[in-house]
S.K.: 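Below: one structure in structure tokens.
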Amino acid sequence: MEAPLLPAEEAPAPVSEDFSWLDEPAAPVKEPEADFSWLEEPAEEAGPAATQDAEDALIENDGGALPPSQPVVLEPEPEPSARESDEFAWLDAPLEPEPEEAGAADPLADAPDRLDMGQTPLEGVPGLAPVPAPPAADSEGWRVRTAPEAIATPAAVTQTTWFQRLREGLSRSSGQLSGQITSLFTKRRLDEDTLQDFEDVLIQADLGVETATRITSRLSEGRFGREISGDEVRSILSDEVEKTLSPVAIPLELDLSVKPHVILVVGVNGTGKTTTIGKLAAKLHRGGLKVTLAAGDTFRAAAVEQLKIWGERTNSPVVAKAIGADAAGLAFEAYDEAVANGSDVLIIDTAGRLQNKAELMAELEKIVRVLKKRVPDAPHTVLQTLDATTGQNALQQVEIFRNVAGVNGLVMTKLDGTARGGILVAIAARHKLPVFFIGVGEGIDDLEPFRARDFADAIAGRAA
Ligand SMILES: Nc1nc2c(ncn2[C@@H]2O[C@H](COP(=O)(O)OP(=O)(O)OP(=O)(O)O)[C@@H](O)[C@H]2O)c(=O)[nH]1
């Protein structure tokens with residue numbers, strides 16, 4: 001049952017020195033009904049001011065969970081005094097230097113070298129062999145960073161199946177756009193009005209002003225006053241979209257010279273972090289890698305439970321603690337656990353609540369700081385999930401999280417069944433961050449590598 005609560009600052013904050021309750025199983029938390037309707041409102045193209053407005057709106061609305069006009073109903077939060085008392089404050093102290101015992105073993109030395117490319121277990125898995133750099137994404141969307149001499153021939157790609165799946169997923173985006181192209185260009189000579197209408201259609205399709213302008217000026221080149229077919233328009237649209245997307249269609253690269261490769265997954269809640277982690281763990285597990293998962297969204301019991309289920313499904317150990325536990329402390333312990341169990345990859349889930357941006361920033365920063373105590377360049381990958389159905393708001397979400405958490409790769413989820421897939425083009429044009437994967441469904445196999453050509457064709461409604 002949803003219980004209206006006082007805003008956090010008005011809630012009584014019992015002072016207690018006994019933190020043993022942290023180890024008690026928490027009462028299940030009921031989430032408020034998500035209402036994303038406010039996200040459908042068109043956002044302005046972001047300049048710094050627009051970004052600030054959007055940021056404020058996102059913070060106010062917890063990234064979309066609550067519409068602004070409704071009374072605030074917050075889920076029960078851990079006692080502020082307990083969270084702030086910070087069982088893991090000791091993590092901020094400089095680490096004691098490790099005693100250098102004669103012959104002391106490097107904890108990483110015992111980790112199985114699963115990526116000896118001479119006899120790699122990846123070899124038997126279709127599409128998982130590494131490809132020369134800088135390549136298009138592997139068929140699975142990730143690869144091991146490796147020396148050029150170890151490069152093997154990429155396995156055959158199941159192009160048709162993949163393209164059909166993408167086309168299906170993006171059919172609402174492309175169907176709308178394609179229909180508008182047909183009605184705009186049928187039996188009509190290309191003139192200023194048509195070009196303007198076409199530019200509006202592209203902007204409405206979330207492609208972004210920059211890309212829309214480029215496409216219309218390319219279309220007008222040498223075609224003014226002529227009749228132009230819908231197919232010709234779709235072909236130009238696809239080519240221009242591909243030009244924008246190609247530089248960001250990069251596979252996730254795992255440098256396993258130091259194991260585990262640490263992937264921190266961030267993003268507004270509901271954007272698909274936990275589901276993407278599960279799908280990614282399945283992908284890596286299929287490729288012969290050992291993965292450990294860390295349930296760093298310590299706000300929500302449901303998120304922890306969800307991750308545990310993904311852990312079972314993908315044979316990945318899950319490091320979890322009681323609700324309200326310190327997320328950075330959990331990440332620290334998960335890292336040690338991943339080293340101890342010989343994992344190749346550690347994937348850390350995080351909370352995505354923007355209601356209290358300062359707290360979220362502090363939490364993410366602390367996770368990063370704590371991981372660096374173990375390995376200076378960890379987290380090696382900071383992956384942000386974006387929900388395609390949020391349209392223009394996704395642009396501002398990237399702005400926020402790349403500043404807070406140093407995002408260096410994106411996954412766009414829920415591209416199945418949205419008419420707003422074009423937002424990925426605007427994000428690529430603006431942020432130029434690698435897009436490793438796209439989510440095209442809730443199933444374990446619904447995480448696809450991002451391929452610029454296929455995506456561009458699918459968006460433009462062009463035949464393969
Ligand atoms: N259709 C579709 N649904 C998805 C996709 N990815 C995730 N979802 C669904 O989106 C919902 C939210 O996903 P989560 O993985 O819980 O999102 P989260 O970011 O971890 O959310 P919190 O745990 O609240 O922080 C779930 O119902 C998922 O099944 C996708 O690619 N397509």
Side-chain angles (χ1 to χ4, degrees), residues 28-36 39 58 61-66 74-77 141 165-166 168-173 263-283 293-311 313-314 318 320 323 327 347-356 359-360 363-364 367 382-390 393-394 397-398 400-401 405 407 410-421 423-424 435-450 455 458:
V29 177
K30 179 79 171 93
E31 286 291 288
E33 280 295 308
D35 175 359
F36 291 98
L39 289 170
L58 285 166
N61 297 302
D62 188 18
L66 297 168
L74 299 175
E75 67 187 68
E77 298 216 359
R165 281 166 60 79
L166 182 66
E168 260 169 49
L170 286 174
S171 59
R172 279 192 63 204
S173 299
I263 303 176
L264 184 66
V265 181
V266 302
V268 172
N269 50 351
T271 53
K273 288 185 298 296
T274 313
T275 310
T276 301
I277 289 171
K279 294 172 182 175
L280 181 57
K283 220 178 230 307
L293 307 179
D297 182 353
T298 55
F299 275 104
R300 290 206 319 122
V304 176
E305 287 315 309
Q306 201 187 337
L307 198 73
K308 284 182 179 167
I309 292 167
W310 280 110
R313 293 175 78 184
T314 61
V318 178
I323 296 308
I347 312 180
I348 304 171
D349 197 3
T350 60
R353 300 162 62 85
L354 286 175
Q355 279 157 325
N356 187 340
E359 191 177 304
L360 177 71
E363 182 165 295
L364 290 175
I367 291 173
V382 182
L383 199 64
Q384 178 172 2
T385 52
L386 295 165
D387 177 343
T389 63
T390 60
N393 268 289
Q397 291 176 14
V398 180
I400 294 169
F401 278 89
V407 170
L410 302 173
V411 175
M412 178 146 279
T413 64
K414 308 187 196 180
L415 276 166
D416 48 309
T418 175
R420 315 202 69 175
I423 190 62
L424 192 44
V435 180
F436 297 136
F437 302 102
I438 56 175
V440 290
E442 295 182 86
I444 195 164
D445 294 325
D446 292 331
L447 187 68
E448 296 287 355
F450 180 58
F455 192 90

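We count ligands from 1, going down the list as the structure has it; atoms in each ligand are counted the same way. Just so we're clear, the structure is a prediction, and the values are computed from it rather than from any experiment.
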S.K.: Can you find an N/O atom of G270 closer than 3.5 Å to an N/O atom of ligand 1?
M.R.: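 Between G270 and ligand 1, an N or O pair is found under 3.5 Å apart.
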S.K.: I'd like to check F450 versus V411 (side-chain heavy atoms, cut-off strictly below 4.5 Å). Are they in contact?
M.R.: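 Answer no - side chains too far apart.
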S.K.: Looking at every non-hydrogen atom in both residues, tell me the closest pair between R300 and Q306 and how far apart they are.
M.R.: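 Closest approach of R300 to Q306, heavy atoms only: NH2-OE1, 4.3 Å.
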S.K.: Can D446 be said to touch ligand 1, with heavy atoms closer than 4.0 Å?
M.R.: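 The answer is no, since D446 has no heavy atom less than 4.0 Å from ligand 1.
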S.K.: So if I count the atoms of ligand 1 from 1 in the order they appear, which ones are less than 4.0 Å from some heavy atom of T275?
M.R.: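 This gives 7 (C), 13 (O), 14 (P), 15 (O), 28 (C), 29 (O) as the contact atoms.
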S.K.: Do any nitrogen or oxygen atoms of E442 lie less than 3.5 angstrom from nitrogen or oxygen atoms of ligand 1?
M.R.: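 So ligand 1 has an N or O lying under 3.5 Å from an N or O of E442.
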S.K.: Are any of the N or O atoms of T274 closer than 3.5 Å to those of ligand 1?
M.R.: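 Such a contact does occur with ligand 1.
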S.K.: Is the shortest N/O to N/O distance between G272 and ligand 1 below 3.5 Å?
M.R.: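 N/O-N/O distance below 3.5 Å exists for this pair.
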S.K.: List for me each residue that meets side-chain contact (heavy atoms from CB on, under 4.5 Å) alongside A388, sequence neighbours excluded, and say none if there are none.
M.R.: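 By the side-chain contact (heavy atoms from CB on, under 4.5 Å) rule, A388 matches M412, L415, T418.
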S.K.: Among T271, T275, T276, which residue meets the side-chain contact (heavy atoms from CB on, under 4.5 Å) test with K273?
M.R.: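 Going through the options one by one, the only one that passes is T271.
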S.K.: In a check of side-chain hydrogen bond (donor to acceptor under 3.5 Å, both in side chains) between K414 and each of T390, D387, D446, which one passes?
M.R.: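 The residue from T390, D387, D446 that satisfies side-chain hydrogen bond (donor to acceptor under 3.5 Å, both in side chains) with K414 turns out to be D387.
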S.K.: Could you go step by step and tell me if L424 and I438 meet the side-chain contact (heavy atoms from CB on, under 4.5 Å) rule?
M.R.: CA-CA 10 Å; L424 192 44; I438 56 175; 4.1 Å; yes
S.K.: Using a plain distance cutoff, I'd like to know if N269 has any nitrogen or oxygen under 3.5 Å from a nitrogen or oxygen of ligand 1.
M.R.: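 For ligand 1, there is no N or O atom that lies under 3.5 Å from one belonging to N269.
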S.K.: Provide the number and element of each atom of ligand 1 under 4.0 Å from a heavy atom of G439.
M.R.: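 Within the 4.0 Å cut-off of G439, ligand 1 contributes 31 (O).
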S.K.: I'd like to check which ligand 1 atoms, numbered from 1 as shown, lie under 4.0 Å from a non-hydrogen atom of V440.
M.R.: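 Reading through ligand 1 atom by atom, the close ones are 31 (O).
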S.K.: Compare all side-chain heavy atoms of L383 with those of F437 and state whether any distance is below 4.5 angstrom.
M.R.: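 No, their side chains stay 4.5 Å or more apart.
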S.K.: For D297, does its backbone N or O pair with a side-chain atom of D349 as donor and acceptor, under 3.5 Å?
M.R.: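 No, the answer is negative, given that no donor and acceptor are paired below the 3.5 Å cut-off.
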S.K.: Numbering the atoms of ligand 1 from 1, which are under 4.0 Å from a heavy atom of Q306?
M.R.: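 Numbered from 1, ligand 1 contributes 14 (P), 15 (O), 16 (O).
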S.K.: Who's closest to atom 31 (O) of ligand 1 heavy-atom-wise, of M412, R300, K273, K414?
M.R.: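 Going through M412, R300, K273, K414 one by one, K414 has the nearest heavy atom to atom 31 (O) of ligand 1.
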S.K.: Please say whether D416 places an N or O atom under 3.5 Å from an N or O atom belonging to ligand 1.
M.R.: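 N/O-N/O distance under 3.5 Å: yes.
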S.K.: I'd like to know if G441 contacts ligand 1, where contact means a heavy-atom distance under 4.0 Å to any ligand atom.
M.R.: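 Yes, G441 has a heavy atom closer than 4.0 Å to ligand 1.
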S.K.: For D297, take its heavy atoms, then give the atoms of ligand 1 lying under 4.0 Å from any of them.
M.R.: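 Heavy-atom distances to D297 below 4.0 Å select 23 (O), 25 (O).
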S.K.: For I309, enumerate each residue passing the side-chain contact (heavy atoms from CB on, under 4.5 Å) test, keeping only those at least two apart in sequence or located in another chain.
M.R.: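 In terms of side-chain contact (heavy atoms from CB on, under 4.5 Å), with neighbours along the sequence ignored, I309 is linked to R313.
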